[in-house]
K.L.:
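To start, I am sharing the structure in question, which I have written as structure tokens.
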Amino acid sequence: MDLGIRGRRALVCASSKGLGLGCAQALAAAGVDLVMNARGAEALETAAEGLRAAHGVAVTAVAADITTEDGRAAVLAAAGDVDILVTNAGGPPPGLWSDWSRADFLAALDANMLTPIALMQAVLPGMMERGWGRVVNITSQSVKAPIPVLGLSNAARTGLTGFVAGTARQVAGKGVTINNLLPGVHDTDRAKGLDAAEARRAGIDPAEARRRREATLPTGRYGTAAEFGAACAFLCSMHAGFIVGQNILLDGGATNATI
Ligand code: NAP
């Protein structure tokens with residue numbers, strides 16, 4: 001399918017690895033020029049060079065922490081007028097409800113709620129003026145089915161979800177869509193880290209922790225970054241203009257909540 005976005009320009013945050021990279025790859029394959037971001041310059045430049053070589057698109061790499069004001073300013077300055085924004089950042093650490101201080105909550109809110117909101121506030125006016133735009137926020141399955149050990153994530157992403165629910169309806173009339181993609185378990189460093197933590201907790205091998213988690217999924221396997229990226233690229237396509245303010249689960253059927 002021709003996604004109809006060749007020559008468009010996208011900012012994909014936190015995209016040197018994992019789900020962000022999956023989104024950048026799928027957009028590059030559709031002919032979209034990219035601004036990519038991550039904190040670590042080396043992995044970011046490797047990823048950017050890979051996409052230039054594979055797809056012939058222009059890729060600007062900005063090494064910065066997207067959860068800081070300075071980082072966002074540097075990324076937005078390089079991005080300029082973008083047609084597509086994919087927000088993403090690392091997720092907060094797991095823990096117990098009684099562990100977290102006010103500072104822990106503020107850090108999680110900054111990373112997974114206030115950062116995507118600030119990025120949307122920066123790019124939405126231009127998209128609305130030009131009459132076309134696509135925003136995809138990478139959130140989490142925990143928005144629909146909160147995961148007890150991820151209380152910081154549950155709190156921050158719920159706030160972002162509420163903001164998007166209202167804002168998406170306010171900008172849709174200008175040709176701009178905002179939607180959230182909710183990953184369930186995907187085969188990335190983040191998932192490996194959670195498996196390792198569970199392995200330590202249960203006194204088992206990380207491979208065994210993974211096997212047990214895979215067995216809880218209807219698909220019997222983790223999702224891939226490529227599958228996730230393809231869904232993101234479709235939401236950013238010309239075909240997705242009537243999909244507004246949705247929270248779309250990509251979780252292999254794990255969340256059994258039809259209604
Ligand atoms: P990942 O494999 O660990 O990749 C994270 C990417 O984000 C890396 O490129 C990392 O590069 C970059 N990054 C992290 N913090 C950043 C920051 N502050 N500023 C700029 N770049 C940053 O993670 P993932 O699995 O793709 O997860 C992406 C998001 O989806 C996370 O919020 C995660 O909580 C959520 N999620 C993931 C899963 C899953 O199973 N994978 C499930 C539910 C939700 P640097 O470290 O170099 O900055």
Side-chain angles (χ1 to χ4, degrees), residues 11-25 34-48 50-51 61-76 78-79 86-94 107-116 118-119 136-147 149-158 160-161 180-198 209-210 213-214 216-217 219 221-229 231-232 247-252 254-255:
L11 165 56
V12 186
C13 302
S15 55
S16 65
K17 298 177 190 166
L19 304 180
L21 179 57
C23 295
Q25 279 169 332
L34 297 172
V35 176
M36 294 173 70
N37 151 258
R39 291 164 303 182
E42 204 176 314
L44 179 63
E45 192 42 57
T46 303
L51 295 189
V62 186
D65 184 340
I66 199 68
T67 68
T68 67
E69 213 164 312
D70 287 352
R72 282 191 297 278
V75 169
L76 287 166
V86 180
T87 75
N88 186 28
L109 293 177
D110 251 337
N112 298 110
M113 175 186 168
L114 299 176
T115 289
L119 291 165
V136 174
N137 300 295
I138 300 179
T139 65
S140 175
Q141 171 189 16
S142 66
V143 168
K144 297 258 189 194
I147 299 165
V149 294
L150 295 179
L152 291 173
S153 170
N154 298 337
R157 298 192 197 277
T158 302
L160 174 64
T161 303
N180 302 324
L181 276 183
L182 283 52
V185 187
H186 282 73
D187 195 1
T188 68
D189 288 355
R190 164 86 173 168
K192 290 186 182 88
L194 293 174
D195 286 343
E198 173 57 17
R210 176 177 177 139
R213 201 146 64 121
E214 282 177 334
T216 67
L217 304 175
T219 47
R221 66 169 179 88
Y222 290 0
T224 69
E227 290 170 317
F228 190 89
C232 175
N247 292 291
I248 299 169
L249 272 170
L250 280 83
D251 69 347
T255 308

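Please read all numbers here as calculations on a predicted model, not as lab measurements. In listed order, ligands and their atoms are each counted from 1.
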K.L.:
Indicate yes or no for a side-chain donor-acceptor contact from R157 to the backbone of S142 under 3.5 Å, with no hydrogens or angles considered.
P.N.:
no
K.L.:
Keeping the roles fixed (side chain from D187, backbone from G223), state whether a donor-acceptor pair exists under 3.5 Å.
P.N.:
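No, the answer is negative, given that no donor and acceptor are paired below the 3.5 Å cut-off.
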K.L.:
Should A89 be counted as touching ligand 1, given the test is an N or O pair under 3.5 Å?
P.N.:
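Between A89 and ligand 1, an N or O pair is found under 3.5 Å apart.
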K.L.:
Quick one: which of H186, R39, E42 has a heavy atom closest to atom 48 (O) of ligand 1?
P.N.:
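Of the listed residues, R39 has the closest heavy atom.
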K.L.:
Go through the side-chain N and O atoms of Y222 and R213 and say whether any donor and acceptor fall under 3.5 Å apart.
P.N.:
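Result is yes, a qualifying pair exists.
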K.L.:
What protein heavy atom sits nearest atom 4 (O) of ligand 1, and how far off is it?
P.N.:
K17 O, 3.9 Å
K.L.:
State the atoms of ligand 1, each with its element, that fall below the 4.0 Å cut-off from a heavy-atom position in A64.
P.N.:
19 (N), 20 (C)
K.L.:
Would you mind finding which of N88, T188, D195 brings a heavy atom closest to atom 41 (N) of ligand 1?
P.N.:
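Checking each option, the heavy atom nearest atom 41 (N) of ligand 1 is found in T188.
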K.L.:
If you have a sec, work out which protein heavy atom is nearest atom 18 (N) of ligand 1 and how many Å separate them, to one decimal?
P.N.:
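It is D65 OD1, 2.8 Å.
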K.L.:
Taking atom 3 (O) of ligand 1 as the point of reference, which of M36, R190, Q141, R72 owns the nearest heavy atom?
P.N.:
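Checking each option, the heavy atom nearest atom 3 (O) of ligand 1 is found in R190.
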K.L.:
Evaluating non-hydrogen atoms only, which member of P183, S16, G40 is closest to atom 8 (C) of ligand 1?
P.N.:
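Considering heavy atoms of P183, S16, G40, the nearest to atom 8 (C) of ligand 1 sits in S16.
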K.L.:
Answer yes or no: is there a side-chain heavy-atom contact under 4.5 Å between I248 and L181?
P.N.:
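They are in side-chain contact.
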K.L.:
Ignoring hydrogens and angles, state whether a donor on the side chain of T67 or D110 is under 3.5 Å from an acceptor on the partner side chain.
P.N.:
no
K.L.:
Answer yes if a protein heavy atom lies under 4.0 Å from atom 39 (C) of ligand 1, otherwise answer no.
P.N.:
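Yes, because at least one protein heavy atom sits under 4.0 Å from atom 39 (C) of ligand 1.
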K.L.:
Rounded at 0.5 Å granularity, tell me how far CG in N112 sits from OG1 in T158.
P.N.:
11.0 Å
K.L.:
Taking only heavy atoms of I138, which atoms of ligand 1 are found under 4.0 Å from at least one of them?
P.N.:
30 (O)
K.L.:
Give the numbers and elements of all ligand 1 atoms closer than 4.0 Å to a heavy atom of G18.
P.N.:
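Atoms satisfying the 4.0 Å criterion: 2 (O), 26 (O).
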K.L.:
Between P94 and E198, is there a side-chain heavy-atom distance shorter than 4.5 Å?
P.N.:
no
K.L.:
Is N154 reaching over with its side chain to a backbone N or O of I147, donor-acceptor style, under 3.5 angstrom?
P.N.:
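Flag set: sc N154 to bb I147 pair under 3.5 Å.
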K.L.:
Run the contact test for R157 against ligand 1 with a 4.0 Å cut-off on heavy atoms, strictly below, and give the result.
P.N.:
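Flag set, R157 near ligand 1.
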K.L.:
Looking only at heavy atoms of G184, does any of them come nearer than 4.0 Å to an atom of ligand 1?
P.N.:
yes
K.L.:
State whether the shortest distance between N or O atoms of L19 and N or O atoms of ligand 1 falls below 3.5 angstrom.
P.N.:
yes
K.L.:
Using modelled atom types and a 3.5 Å cut-off, is there a donor and acceptor pairing between side-chain atoms of D189 and backbone atoms of G18?
P.N.:
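Not confirmed, D189 side chain does not pair with G18 backbone.
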K.L.:
Is the closest side-chain heavy-atom distance between L217 and R221 below 4.5 Å?
P.N.:
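With C-beta onward as the side chain, the pair stays apart.
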K.L.:
Measuring from atom 7 (O) of ligand 1, which candidate in C13, A14, A225 has the nearest non-hydrogen atom?
P.N.:
A14
K.L.:
Considering the heavy atoms of V185, write down every atom of ligand 1 situated less than 4.0 Å from one of them.
P.N.:
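Close to V185: 40 (O).
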K.L.:
Donor-acceptor check, side chain of N88 to backbone of I138, threshold 3.5 angstrom: yes or no?
P.N.:
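Side chain of N88 to backbone of I138: no pair is present.
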K.L.:
Would you say the side chain of E214 lies within less than 4.5 Å of the side chain of V185, judging by non-hydrogen atoms?
P.N.:
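The answer is no, as the side chains (C-beta and beyond) never meet within the 4.5 Å cut-off.
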K.L.:
Under a 4.0 angstrom heavy-atom cut-off, which atoms of ligand 1 come close to S140?
P.N.:
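Listed by number with element: 43 (C), 44 (C).
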K.L.:
Check for me whether T139 has a heavy atom closer than 4.0 Å to any atom of ligand 1.
P.N.:
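Yes.
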K.L.:
Need the ligand 1 atom indices (1-based, order shown) with element for anything under 4.0 Å from a heavy-atom of G91.
P.N.:
31 (C), 32 (O), 34 (O)
K.L.:
For ligand 1 and I66, I'd like to know whether there is a polar contact (N/O to N/O, distance under 3.5 Å).
P.N.:
yes
K.L.:
Kindly say whether I66 contributes a backbone atom to a donor-acceptor pair with the side chain of R72 at under 3.5 angstrom?
P.N.:
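It does hold such a pair.
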K.L.:
What are the atoms of ligand 1, with element, lying closer than 4.0 Å to any heavy atom of N37?
P.N.:
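This gives 20 (C), 21 (N) as the contact atoms.
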